[in-house]
2 protein chains.
Amino acid sequence: MRAFKHPQIEDVAIADVLHALSDPIRLGIVAQLAQEGEASCSALDGGRPKSSMSHHFRVLRDAGIIMSRPEGVSHLNTLRRDDLNDRFPGLLDAVLGAVR
Amino acid sequence: MRAFKHPQIEDVAIADVLHALSDPIRLGIVAQLAQEGEASCSALDGGRPKSSMSHHFRVLRDAGIIMSRPEGVSHLNTLRRDDLNDRFPGLLDAVLGAVR
DNA sequence: TCTATAGTTCGATAATATTCGAACAACAGT
DNA sequence: ACTGTTGTTCGAATATTATCGAACTATAGA
């Protein structure tokens with residue numbers, strides 16, 4: 001898999017982060033990543049079509065919420081916890097607390 | 001003005017709150033209410049059309065973020081700080097910190 | 001090199017949201 | 001009652017998102 005360009009966390013706007021998190025499917029992805037630490041796209045798809053999921057991963061990536069690194073034939077995704085906490089202190093924890 | 005029905009805070013979903021907060025205009029309303037405590041719709045409209053603003057106030061109200069009480073000919077809006085902190089601890093503060 | 005796997009990109013459709021003028025409703029003051 | 005003020009609701013146009021099949025790309029392994 002090819003590597004992606006991720007935004008600098010300073011360039012991320014709060015409105016974009018909130019929008020990315022306002023979708024139930026994406027919230028589920030974030031919650032699962034919070035639990036499992038790192039997971040491939042297929043481990044997070046819940047049986048949904050790949051093209052739909054690819055869209056959601058892109059939204060999360062563009063909002064600075066996740067990092068996707070290529071690993072063999074797949075992408076391993078992680079939360080950008082530290083970046084998010086630097087930029088928007090307490091936000092991710094509050095959302096994770098709410099979704100749990 | 002007629003009184004509105006506001007949702008019970010328990011009935012509010014995190015996704016709806018995040019969606020309501022993901023719009024720059026609504027974020028501005030929330031930030032201004034956080035500063036000023038209570039304000040009428042016209043004090044918060046930034047010169048935009050009333051019907052557009054009325055829509056945004058409704059989204060915020062339906063998401064449990066603001067309370068609008070009739071006062072004479074106008075509506076006075078406040079943040080539902082305590083309710084939000086009960087339901088989604090830390091969320092409002094994190095968003096306000098990010099928008100400031 | 002052939003095949004299978006994982007995921008992306010494209011393109012079209014459907015669903016939601018936003019914007020805002022016009023008509024309306026509630027209240028205050030005269 | 002009439003008028004001005006504040007804001008809501010309706011309806012329609014526009015814009016943004018979401019969904020997902022099909023074609024494609026990159027990698028691993030045989």
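For D:dC20, the OP1/OP2 oxygens have a side-chain nitrogen or oxygen of A:Ser52 closer than 4.0 Å. Between B:Arg58 and D:dG7 there is no side-chain polar atom (N or O) within less than 4.0 angstrom of OP1 or OP2. Of the side-chain N and O atoms in A:Arg61, one or more sit less than 4.0 angstrom from OP1 or OP2 of C:dT8. For the pair A:Arg2 and D:dT27, the criterion of a side-chain N or O lying under 4.0 Å from OP1 or OP2 is not met.
Closest to the A:Cys41 side chain, of the nucleotides D:dT5, C:dG7, C:dA17, is C:dG7. Comparing D:dT8, D:dC20, D:dA18 by their nearest atom to the side chain of A:Asp23 picks out D:dA18. In the set D:dT8, D:dA18, C:dG21, the nucleotide with an atom closest to the side chain of A:His56 is D:dA18. For B:Ile25, counting side-chain heavy atoms from C-beta on, the closest listed nucleotide (C:dT18, C:dG7, C:dT19) is C:dT19. Among C:dA6, C:dT8, D:dT8, the nucleotide with an atom closest to any side-chain atom of A:Ser54 is C:dT8.
Following rounding to the nearest Å, B:Asp62 (CG) and C:dA17 (C1') show an atom-to-atom distance of 14 Å. A straight line from CE of B:Met1 to C1' of C:dA25 spans 7 Å, rounded to a whole angstrom. One interatomic measurement links the two molecules: NE2 of A:His75 to C1' of D:dA26, which rounds to 10 Å at whole-angstrom precision. Rounded to whole angstrom, the span from the CG atom of B:Asp45 across to the C1' atom of D:dG7 amounts to 11 Å. The nearest whole Å value for the distance from the CZ atom in B:Phe57 to the C1' atom in D:dT6 is 12 Å. Rounded to whole Å, the distance from NZ on B:Lys5 to P on D:dT8 is 12 Å. In this structure, CG of B:Leu76 is placed 12 Å from P of D:dT8, rounded to the nearest angstrom. Rounded to whole Å, atom C1' of C:dT19 lies 12 Å from atom CE of B:Met53.
Mapping A:His19 and A:Glu71 onto DNA chain D by nearest heavy atom places A:His19 closer to the 5' end of the strand.
When all heavy atoms of A:Asp45 and A:Ser42 are compared, the closest pair comes out as OD1-O, 3.2 Å.
Here the straight-line distance linking atom CG of B:Asp83 with atom CD1 of B:Ile66 works out to 13.0 Å at 0.5 Å rounding. If you take CG on B:Asp93 and CG on B:Asn85, they are separated by 5.5 Å, rounding to the nearest 0.5 Å. With values rounded to the nearest 0.5 angstrom, A:Leu44 atom CG is found 12.0 Å from A:Ile25 atom CD1.
Surrounding CG of A:Asp82 are at most 12 heavy atoms belonging to other residues, nucleotides or ligands under 6.0 Å away.
Base engagement by A:His55 is indicated by at least one non-hydrogen atom pair under 4.0 Å involving a base atom. Among the atoms of the strands shown, base atoms are found under 4.0 Å from some heavy atom of A:Ser51.
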